[in-house]
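Everything on this sheet refers to the single structure shown next.
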2 protein chains.
Amino acid sequence: MNYHEAKDKFIQTWGTLGSSWGISRTMAQVHALLLISPEPLSTEDVMEQLKISRGNANMNLRDLLDWGLAFKELKSGERKDFFVAEKDIWKVAKQIIKERRKREIEPVLNVLEELKNVKGDKNDKRHKAFVESVTNIERVVEKADFAFDKAVKLDENAIVSALFKLFK
Amino acid sequence: MNYHEAKDKFIQTWGTLGSSWGISRTMAQVHALLLISPEPLSTEDVMEQLKISRGNANMNLRDLLDWGLAFKELKSGERKDFFVAEKDIWKVAKQIIKERRKREIEPVLNVLEELKNVKGDKNDKRHKAFVESVTNIERVVEKADFAFDKAVKLDENAIVSALFKLFK
DNA sequence: TTTAACTTTCAATAATTATTGAAAGTTTTA
DNA sequence: TAAAACTTTCAATAATTATTGAAAGTTAAA
(Lines give C-alpha, C1' and ligand atoms only; values in the text may rest on other atoms or scores of the structure.)
Protein backbone atom coordinates (compact mmCIF):
# COMPACT_ATOMS: atom_id res chain seq x y z
CA MET A 1 0.00 0.00 0.00
CA ASN A 2 1.43 3.38 -0.95
CA TYR A 3 0.90 6.75 0.66
CA HIS A 4 -2.12 7.74 -1.42
CA GLU A 5 -3.93 4.46 -0.93
CA ALA A 6 -3.20 4.57 2.79
CA LYS A 7 -4.40 8.15 3.04
CA ASP A 8 -7.64 7.31 1.26
CA LYS A 9 -8.23 4.30 3.40
CA PHE A 10 -7.59 6.31 6.52
CA ILE A 11 -10.06 9.01 5.47
CA GLN A 12 -12.70 6.41 4.71
CA THR A 13 -12.12 4.56 7.97
CA TRP A 14 -12.19 7.70 10.08
CA GLY A 15 -15.37 8.74 8.29
CA THR A 16 -17.05 5.45 9.09
CA LEU A 17 -15.97 5.54 12.71
CA GLY A 18 -17.05 9.16 13.07
CA SER A 19 -20.47 8.56 11.65
CA SER A 20 -21.07 5.77 14.10
CA TRP A 21 -20.01 8.00 16.99
CA GLY A 22 -22.29 10.88 16.23
CA ILE A 23 -20.38 13.14 13.88
CA SER A 24 -21.33 13.12 10.25
CA ARG A 25 -19.39 11.03 7.78
CA THR A 26 -18.16 13.91 5.68
CA MET A 27 -17.30 15.99 8.73
CA ALA A 28 -15.17 13.12 10.02
CA GLN A 29 -13.53 12.77 6.61
CA VAL A 30 -12.64 16.43 6.50
CA HIS A 31 -11.26 16.05 10.00
CA ALA A 32 -9.21 13.04 8.91
CA LEU A 33 -7.83 14.94 5.96
CA LEU A 34 -6.78 17.86 8.16
CA LEU A 35 -5.38 15.45 10.70
CA ILE A 36 -2.85 13.94 8.34
CA SER A 37 -2.00 17.13 6.50
CA PRO A 38 1.20 18.66 7.80
CA GLU A 39 0.10 22.04 6.38
CA PRO A 40 -3.14 23.96 6.96
CA LEU A 41 -5.64 23.43 4.14
CA SER A 42 -7.97 25.88 2.43
CA THR A 43 -11.59 25.21 1.51
CA GLU A 44 -10.44 24.58 -2.05
CA ASP A 45 -7.86 22.03 -0.94
CA VAL A 46 -10.55 20.17 0.93
CA MET A 47 -12.92 20.35 -2.06
CA GLU A 48 -10.29 18.96 -4.38
CA GLN A 49 -8.93 16.25 -2.16
CA LEU A 50 -12.29 14.90 -1.01
CA LYS A 51 -14.07 15.70 -4.29
CA ILE A 52 -16.91 17.51 -2.59
CA SER A 53 -18.68 20.73 -3.48
CA ARG A 54 -17.83 24.15 -2.13
CA GLY A 55 -21.03 24.31 -0.09
CA ASN A 56 -20.40 20.96 1.46
CA ALA A 57 -16.78 21.72 2.28
CA ASN A 58 -17.74 25.05 3.78
CA MET A 59 -20.52 23.61 5.88
CA ASN A 60 -18.44 20.77 7.28
CA LEU A 61 -15.48 22.99 8.05
CA ARG A 62 -17.79 25.30 9.98
CA ASP A 63 -19.25 22.36 11.86
CA LEU A 64 -15.74 21.24 12.77
CA LEU A 65 -15.05 24.72 14.14
CA ASP A 66 -18.35 24.54 16.08
CA TRP A 67 -17.38 21.24 17.62
CA GLY A 68 -13.94 22.56 18.50
CA LEU A 69 -12.26 19.90 16.35
CA ALA A 70 -10.61 22.30 13.90
CA PHE A 71 -9.34 25.85 13.93
CA LYS A 72 -8.88 28.64 11.45
CA GLU A 73 -5.37 29.62 10.66
CA LEU A 74 -4.66 32.74 8.63
CA LYS A 75 -1.61 32.87 6.43
CA SER A 76 -0.07 36.30 6.01
CA GLY A 77 -0.38 37.50 2.45
CA GLU A 78 -3.33 35.14 1.80
CA ARG A 79 -6.94 36.15 1.86
CA LYS A 80 -8.27 32.60 2.11
CA ASP A 81 -9.05 30.89 5.39
CA PHE A 82 -6.88 27.92 6.19
CA PHE A 83 -7.84 25.14 8.57
CA VAL A 84 -5.98 22.80 10.90
CA ALA A 85 -7.35 19.92 12.94
CA GLU A 86 -6.98 19.45 16.64
CA LYS A 87 -4.25 16.81 16.52
CA ASP A 88 -4.35 15.59 20.09
CA ILE A 89 -6.79 12.74 19.64
CA TRP A 90 -7.51 12.51 23.31
CA LYS A 91 -8.64 16.14 23.19
CA VAL A 92 -10.76 15.27 20.17
CA ALA A 93 -12.43 12.46 22.08
CA LYS A 94 -13.05 14.68 25.08
CA GLN A 95 -14.42 17.43 22.89
CA ILE A 96 -16.86 15.04 21.24
CA ILE A 97 -18.04 13.72 24.59
CA LYS A 98 -18.47 17.25 25.88
CA GLU A 99 -20.53 18.35 22.90
CA ARG A 100 -22.68 15.29 22.88
CA ARG A 101 -23.30 15.53 26.59
CA LYS A 102 -24.58 19.03 26.08
CA ARG A 103 -26.56 18.26 22.94
CA GLU A 104 -28.06 14.92 23.89
CA ILE A 105 -27.83 13.92 27.52
CA GLU A 106 -28.92 17.18 29.11
CA PRO A 107 -32.23 17.41 27.22
CA VAL A 108 -32.99 13.78 28.06
CA LEU A 109 -32.42 14.37 31.76
CA ASN A 110 -34.85 17.27 31.64
CA VAL A 111 -37.53 15.13 30.03
CA LEU A 112 -36.98 12.28 32.50
CA GLU A 113 -37.33 14.64 35.43
CA GLU A 114 -40.59 15.92 33.99
CA LEU A 115 -41.91 12.42 33.36
CA LYS A 116 -41.57 11.37 36.98
CA ASN A 117 -44.39 13.76 37.79
CA VAL A 118 -46.93 11.91 35.68
CA LYS A 119 -50.34 11.87 37.33
CA GLY A 120 -52.17 8.61 37.79
CA ASP A 121 -53.48 5.87 39.98
CA LYS A 122 -50.67 4.66 42.23
CA ASN A 123 -52.20 1.20 42.29
CA ASP A 124 -52.20 0.89 38.53
CA LYS A 125 -49.55 -1.66 37.64
CA ARG A 126 -48.60 0.16 34.46
CA HIS A 127 -48.30 3.45 36.27
CA LYS A 128 -46.08 1.94 38.91
CA ALA A 129 -43.86 0.21 36.36
CA PHE A 130 -43.61 3.45 34.45
CA VAL A 131 -42.47 5.58 37.35
CA GLU A 132 -40.04 2.88 38.42
CA SER A 133 -38.53 2.62 34.94
CA VAL A 134 -38.15 6.33 34.59
CA THR A 135 -36.56 6.65 38.00
CA ASN A 136 -34.06 3.87 37.32
CA ILE A 137 -33.20 5.21 33.93
CA GLU A 138 -32.72 8.69 35.27
CA ARG A 139 -30.37 7.38 37.93
CA VAL A 140 -28.16 5.60 35.42
CA VAL A 141 -28.20 8.40 32.87
CA GLU A 142 -27.17 10.82 35.62
CA LYS A 143 -24.31 8.58 36.64
CA ALA A 144 -23.14 8.16 33.08
CA ASP A 145 -23.39 11.90 32.63
CA PHE A 146 -21.37 12.40 35.80
CA ALA A 147 -18.73 9.93 34.62
CA PHE A 148 -18.41 11.65 31.25
CA ASP A 149 -18.25 15.01 32.91
CA LYS A 150 -15.36 13.83 35.05
CA ALA A 151 -13.71 12.09 32.13
CA VAL A 152 -13.48 15.26 30.07
CA LYS A 153 -11.73 16.97 32.96
CA LEU A 154 -9.13 14.28 33.48
CA ASP A 155 -6.25 13.10 31.42
CA GLU A 156 -6.18 9.91 29.52
CA ASN A 157 -3.72 8.00 31.64
CA ALA A 158 -5.48 8.79 34.90
CA ILE A 159 -8.68 7.22 33.67
CA VAL A 160 -7.09 4.20 32.16
CA SER A 161 -4.94 3.50 35.18
CA ALA A 162 -7.88 3.99 37.55
CA LEU A 163 -9.89 1.44 35.62
CA PHE A 164 -6.89 -0.81 35.45
CA LYS A 165 -6.43 -0.79 39.22
CA LEU A 166 -10.09 -1.48 39.74
CA PHE A 167 -9.92 -4.45 37.52
CA LYS A 168 -6.65 -6.06 38.51
CA MET B 1 -49.45 15.09 32.06
CA ASN B 2 -51.32 11.80 32.27
CA TYR B 3 -50.01 8.28 31.91
CA HIS B 4 -50.54 8.00 28.16
CA GLU B 5 -48.92 11.33 27.37
CA ALA B 6 -46.00 10.48 29.64
CA LYS B 7 -45.60 7.07 28.06
CA ASP B 8 -45.59 8.56 24.57
CA LYS B 9 -43.10 11.18 25.53
CA PHE B 10 -40.87 8.59 27.12
CA ILE B 11 -40.94 6.41 24.01
CA GLN B 12 -40.11 9.37 21.80
CA THR B 13 -37.31 10.54 24.07
CA TRP B 14 -35.75 7.11 24.41
CA GLY B 15 -35.99 6.74 20.63
CA THR B 16 -34.14 9.99 20.08
CA LEU B 17 -31.46 9.16 22.63
CA GLY B 18 -31.04 5.68 21.20
CA SER B 19 -30.65 6.88 17.66
CA SER B 20 -27.90 9.23 18.72
CA TRP B 21 -26.09 6.44 20.53
CA GLY B 22 -26.02 3.99 17.70
CA ILE B 23 -29.20 1.99 17.93
CA SER B 24 -31.95 2.74 15.49
CA ARG B 25 -34.81 5.00 16.48
CA THR B 26 -37.52 2.41 16.13
CA MET B 27 -35.46 -0.23 17.88
CA ALA B 28 -35.00 2.13 20.81
CA GLN B 29 -38.72 2.90 20.81
CA VAL B 30 -39.62 -0.76 20.91
CA HIS B 31 -37.15 -1.16 23.75
CA ALA B 32 -38.73 1.79 25.58
CA LEU B 33 -42.17 0.29 25.18
CA LEU B 34 -41.04 -3.06 26.55
CA LEU B 35 -39.21 -1.29 29.38
CA ILE B 36 -42.30 0.35 30.78
CA SER B 37 -44.65 -2.54 30.15
CA PRO B 38 -45.16 -4.60 33.27
CA GLU B 39 -46.23 -7.56 31.10
CA PRO B 40 -44.42 -9.20 28.17
CA LEU B 41 -45.69 -7.93 24.80
CA SER B 42 -46.37 -9.78 21.58
CA THR B 43 -45.41 -8.59 18.12
CA GLU B 44 -49.03 -7.49 17.65
CA ASP B 45 -48.98 -5.45 20.85
CA VAL B 46 -45.87 -3.67 19.62
CA MET B 47 -47.41 -3.09 16.19
CA GLU B 48 -50.54 -1.59 17.69
CA GLN B 49 -48.94 0.53 20.34
CA LEU B 50 -46.23 2.00 18.14
CA LYS B 51 -48.37 1.98 14.99
CA ILE B 52 -45.75 0.20 12.93
CA SER B 53 -46.05 -2.63 10.43
CA ARG B 54 -45.63 -6.28 11.18
CA GLY B 55 -42.37 -6.48 9.26
CA ASN B 56 -40.93 -3.53 11.06
CA ALA B 57 -41.97 -4.79 14.49
CA ASN B 58 -40.55 -8.21 13.74
CA MET B 59 -37.27 -6.86 12.48
CA ASN B 60 -36.70 -4.55 15.40
CA LEU B 61 -37.64 -7.17 17.96
CA ARG B 62 -35.12 -9.52 16.41
CA ASP B 63 -32.48 -6.83 16.46
CA LEU B 64 -33.17 -6.24 20.14
CA LEU B 65 -32.67 -9.96 20.76
CA ASP B 66 -29.43 -9.78 18.75
CA TRP B 67 -28.16 -6.92 20.84
CA GLY B 68 -29.13 -8.72 24.04
CA LEU B 69 -31.50 -5.92 25.01
CA ALA B 70 -34.67 -8.01 24.97
CA PHE B 71 -35.63 -11.62 25.51
CA LYS B 72 -38.32 -13.97 24.33
CA GLU B 73 -40.73 -15.16 26.91
CA LEU B 74 -43.17 -17.93 26.08
CA LYS B 75 -46.54 -17.99 27.78
CA SER B 76 -47.98 -21.42 28.37
CA GLY B 77 -51.05 -21.99 26.31
CA GLU B 78 -50.06 -19.25 23.84
CA ARG B 79 -48.42 -19.84 20.49
CA LYS B 80 -47.20 -16.30 20.04
CA ASP B 81 -43.78 -15.11 21.10
CA PHE B 82 -43.77 -12.55 23.87
CA PHE B 83 -40.96 -10.15 24.57
CA VAL B 84 -39.52 -8.46 27.62
CA ALA B 85 -36.79 -5.84 27.83
CA GLU B 86 -33.65 -6.07 29.85
CA LYS B 87 -34.74 -3.74 32.66
CA ASP B 88 -31.43 -3.15 34.36
CA ILE B 89 -30.39 -0.04 32.49
CA TRP B 90 -26.78 -0.38 33.52
CA LYS B 91 -26.77 -3.79 31.85
CA VAL B 92 -28.36 -2.20 28.81
CA ALA B 93 -25.61 0.40 28.65
CA LYS B 94 -22.91 -2.25 29.06
CA GLN B 95 -24.50 -4.41 26.41
CA ILE B 96 -24.58 -1.52 23.95
CA ILE B 97 -20.94 -0.69 24.61
CA LYS B 98 -19.98 -4.33 24.19
CA GLU B 99 -21.78 -4.68 20.87
CA ARG B 100 -20.48 -1.44 19.48
CA ARG B 101 -16.95 -2.26 20.55
CA LYS B 102 -17.17 -5.46 18.58
CA ARG B 103 -18.94 -3.96 15.58
CA GLU B 104 -17.04 -0.69 15.26
CA ILE B 105 -13.85 -0.36 17.25
CA GLU B 106 -12.31 -3.71 16.42
CA PRO B 107 -12.46 -3.26 12.63
CA VAL B 108 -10.98 0.22 12.96
CA LEU B 109 -8.06 -1.07 15.00
CA ASN B 110 -7.36 -3.61 12.31
CA VAL B 111 -7.30 -0.95 9.62
CA LEU B 112 -5.06 1.33 11.68
CA GLU B 113 -2.58 -1.45 12.26
CA GLU B 114 -2.48 -2.09 8.53
CA LEU B 115 -2.05 1.59 7.70
CA LYS B 116 1.09 1.94 9.79
CA ASN B 117 2.84 -0.26 7.24
CA VAL B 118 2.38 2.18 4.40
CA LYS B 119 5.40 2.29 2.14
CA GLY B 120 7.01 5.60 1.34
CA ASP B 121 9.87 8.03 1.63
CA LYS B 122 10.66 8.49 5.31
CA ASN B 123 11.83 12.05 4.62
CA ASP B 124 8.56 13.03 2.99
CA LYS B 125 6.81 15.41 5.35
CA ARG B 126 3.38 14.10 4.46
CA HIS B 127 4.46 10.51 4.95
CA LYS B 128 5.93 11.28 8.33
CA ALA B 129 2.84 13.22 9.45
CA PHE B 130 0.69 10.36 8.25
CA VAL B 131 2.47 7.63 10.16
CA GLU B 132 2.57 9.83 13.24
CA SER B 133 -1.15 10.53 13.08
CA VAL B 134 -2.05 6.92 12.60
CA THR B 135 0.17 5.84 15.47
CA ASN B 136 -1.30 8.43 17.84
CA ILE B 137 -4.82 7.61 16.86
CA GLU B 138 -4.24 3.93 17.28
CA ARG B 139 -2.85 4.51 20.75
CA VAL B 140 -5.91 6.46 21.88
CA VAL B 141 -8.41 4.15 20.23
CA GLU B 142 -6.73 1.21 21.94
CA LYS B 143 -6.91 2.91 25.29
CA ALA B 144 -10.56 3.81 24.81
CA ASP B 145 -11.22 0.25 23.77
CA PHE B 146 -9.42 -0.99 26.86
CA ALA B 147 -11.42 1.35 29.08
CA PHE B 148 -14.70 0.20 27.58
CA ASP B 149 -13.67 -3.40 27.88
CA LYS B 150 -13.00 -2.91 31.57
CA ALA B 151 -16.17 -0.88 32.01
CA VAL B 152 -18.40 -3.66 30.77
CA LYS B 153 -16.87 -6.01 33.30
CA LEU B 154 -17.32 -3.73 36.29
CA ASP B 155 -20.36 -2.54 38.11
CA GLU B 156 -21.70 0.93 37.89
CA ASN B 157 -20.77 2.15 41.34
CA ALA B 158 -17.18 1.00 41.12
CA ILE B 159 -16.59 3.08 38.03
CA VAL B 160 -18.35 6.14 39.28
CA SER B 161 -16.61 6.05 42.63
CA ALA B 162 -13.22 5.47 41.02
CA LEU B 163 -13.69 8.50 38.83
CA PHE B 164 -14.99 10.44 41.76
CA LYS B 165 -11.90 9.70 43.84
CA LEU B 166 -9.66 10.65 40.96
CA PHE B 167 -11.37 13.94 40.67
CA LYS B 168 -11.82 14.99 44.27
C1' DT C 1 -16.31 53.76 -4.77
C1' DT C 2 -15.52 49.57 -7.81
C1' DT C 3 -13.72 45.26 -8.48
C1' DA C 4 -11.88 40.95 -7.25
C1' DA C 5 -11.29 37.35 -3.83
C1' DC C 6 -13.38 34.82 -0.96
C1' DT C 7 -17.41 32.81 2.11
C1' DT C 8 -22.11 31.62 2.99
C1' DT C 9 -26.76 30.33 1.93
C1' DC C 10 -30.37 27.55 0.25
C1' DA C 11 -33.66 25.40 -3.00
C1' DA C 12 -33.20 21.53 -5.89
C1' DT C 13 -31.68 16.98 -6.11
C1' DA C 14 -29.24 12.85 -5.00
C1' DA C 15 -28.09 9.23 -1.83
C1' DT C 16 -29.17 6.72 2.04
C1' DT C 17 -31.92 4.52 5.36
C1' DA C 18 -36.34 2.95 7.28
C1' DT C 19 -40.89 1.12 6.57
C1' DT C 20 -44.62 -1.29 4.55
C1' DG C 21 -47.39 -5.24 3.56
C1' DA C 22 -48.23 -9.07 0.97
C1' DA C 23 -46.28 -13.46 0.03
C1' DA C 24 -43.50 -17.21 1.47
C1' DG C 25 -41.95 -19.92 5.24
C1' DT C 26 -42.39 -22.43 9.60
C1' DT C 27 -44.40 -24.72 13.46
C1' DT C 28 -48.21 -26.60 15.93
C1' DT C 29 -52.58 -28.65 16.46
C1' DA C 30 -56.30 -31.57 15.15
C1' DT D 1 -51.90 -34.76 6.22
C1' DA D 2 -54.31 -30.40 6.15
C1' DA D 3 -55.35 -26.25 8.11
C1' DA D 4 -54.54 -22.66 11.29
C1' DA D 5 -51.45 -19.68 13.85
C1' DC D 6 -47.75 -17.47 13.76
C1' DT D 7 -42.96 -15.56 11.96
C1' DT D 8 -39.88 -14.04 8.44
C1' DT D 9 -38.49 -12.09 4.11
C1' DC D 10 -37.98 -8.72 0.65
C1' DA D 11 -39.09 -5.71 -3.34
C1' DA D 12 -41.45 -1.48 -3.56
C1' DT D 13 -41.88 2.87 -1.56
C1' DA D 14 -41.63 6.46 1.79
C1' DA D 15 -39.03 9.35 4.83
C1' DT D 16 -34.88 11.28 6.04
C1' DT D 17 -30.46 13.15 5.47
C1' DA D 18 -26.55 14.80 2.70
C1' DT D 19 -24.85 17.20 -1.30
C1' DT D 20 -24.64 20.28 -5.05
C1' DG D 21 -23.80 24.59 -7.29
C1' DA D 22 -25.27 28.86 -8.56
C1' DA D 23 -26.49 33.12 -6.50
C1' DA D 24 -26.18 36.28 -2.77
C1' DG D 25 -23.32 38.10 0.75
C1' DT D 26 -18.98 39.86 2.72
C1' DT D 27 -14.44 41.81 3.05
C1' DA D 28 -10.36 43.96 1.49
C1' DA D 29 -7.36 45.91 -1.93
C1' DA D 30 -6.94 49.20 -5.73
Side-chain angles (χ1 to χ4, degrees), chain A residues 11-12 14-34 40-67 69-84 100 103-104, chain B residues 11-12 14-34 40-67 69-84 100 103-104:
Chain A
I11 290 171
Q12 297 314 321
W14 203 237
T16 305
L17 184 67
S19 73
S20 71
W21 289 91
I23 68 182
S24 91
R25 204 179 96 260
T26 306
M27 181 169 147
Q29 288 178 343
V30 175
H31 181 251
L33 177 62
L34 294 176
L41 301 183
S42 68
T43 303
E44 302 235 327
D45 294 333
V46 172
M47 287 167 62
E48 276 169 31
Q49 297 207 40
L50 297 183
K51 296 186 180 60
I52 60 175
S53 71
R54 181 172 300 284
N56 201 8
N58 178 266
M59 199 194 127
N60 282 292
L61 283 166
R62 303 190 86 247
D63 284 351
L64 282 172
L65 297 179
D66 263 11
W67 279 73
L69 301 178
F71 311 99
K72 269 190 191 176
E73 201 161 290
L74 300 174
K75 284 193 185 177
S76 55
E78 293 264 20
R79 302 244 312 250
K80 281 188 246 186
D81 289 342
F82 287 79
F83 301 88
V84 291
R100 297 195 62 190
R103 293 174 195 219
E104 296 154 12
Chain B
I11 291 171
Q12 297 315 320
W14 203 236
T16 305
L17 185 68
S19 74
S20 70
W21 289 91
I23 67 180
S24 91
R25 206 179 93 259
T26 306
M27 182 169 147
Q29 288 179 342
V30 175
H31 181 250
L33 177 61
L34 293 176
L41 301 182
S42 69
T43 304
E44 302 236 327
D45 295 332
V46 171
M47 288 167 63
E48 276 168 31
Q49 296 208 40
L50 298 182
K51 295 186 180 60
I52 60 176
S53 71
R54 181 171 302 282
N56 200 9
N58 178 265
M59 199 194 127
N60 282 291
L61 283 166
R62 300 190 87 246
D63 284 350
L64 282 171
L65 297 180
D66 262 11
W67 280 73
L69 301 179
F71 311 100
K72 269 191 190 174
E73 201 161 288
L74 299 174
K75 284 192 183 177
S76 55
E78 293 264 19
R79 299 228 333 233
K80 281 188 244 187
D81 288 343
F82 287 80
F83 300 88
V84 292
R100 298 195 60 191
R103 293 174 196 220
E104 296 154 13

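Just so it is clear, the model here is predicted, and its values are computed rather than measured. In what follows, every chain begins at residue 1, and chains take the letters A, B, ... in the order their sequences are listed.
- Every salt bridge (Lys or Arg N to Asp or Glu O under 4.0 Å) that B:Arg100 has, sequence neighbours left out, goes to B:Glu104.
- Distance, B:Leu74 CG to D:dA5 C1': 14 Å, rounded to whole Å.
- Taking atom NZ of A:Lys80 as the reference point, atom P of C:dT8 lies 14 Å away to the nearest angstrom.
- The salt bridge (Lys or Arg N to Asp or Glu O under 4.0 Å) test applied to A:Glu44 returns A:Arg54, not counting sequence neighbours.
- Residues satisfying the side chain to side chain contact (heavy atoms under 4.5 Å, CB included) test with B:Asn56, not counting sequence neighbours, are B:Thr26, B:Ile52, B:Ser53, B:Asn60.
- One can place CZ of B:Phe83 at 13 Å from P of D:dC6, the figure rounded to the nearest angstrom.
- Looking at residues two or more places apart in sequence or on another chain, you find a side chain to side chain contact (heavy atoms under 4.5 Å, CB included) between B:Arg62 and B:Asn58.
- Heavy-atom distances under 4.0 Å link DNA chain C to A:Arg54, A:Gly55, A:Asn58, A:Arg62 of residues 54-64 of chain A, given in residue order.
- Applying the side chain to side chain contact (heavy atoms under 4.5 Å, CB included) rule to A:Glu73 yields the partners A:Pro40, A:Val84; only residues at least two apart in sequence or on another chain are considered.
- Residues meeting the side chain to side chain contact (heavy atoms under 4.5 Å, CB included) test with B:Thr16, sequence neighbours left out: none.
- The shortest distance between side-chain heavy atoms of B:Gln49 and B:Ile11 does not fall below 4.5 Å.
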Tabulated below should be each protein N or O lying under 3.5 Å from an N or O of nucleotides 28-30 of chain D; please produce it.
none

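- Remark: A:Lys75 engages no residue in a salt bridge (Lys or Arg N to Asp or Glu O under 4.0 Å) (not counting sequence neighbours).
- Considering only residues two or more places apart in sequence or on other chains, B:Arg103 meets the salt bridge (Lys or Arg N to Asp or Glu O under 4.0 Å) condition with B:Glu99.
- Residues passing the side chain to side chain donor-acceptor pair (under 3.5 Å) test with A:Asp81, sequence neighbours excluded: A:Lys72.
- At a non-hydrogen distance threshold of 4.0 Å, nothing from residues 15-29 of chain B comes into contact with DNA chain D.
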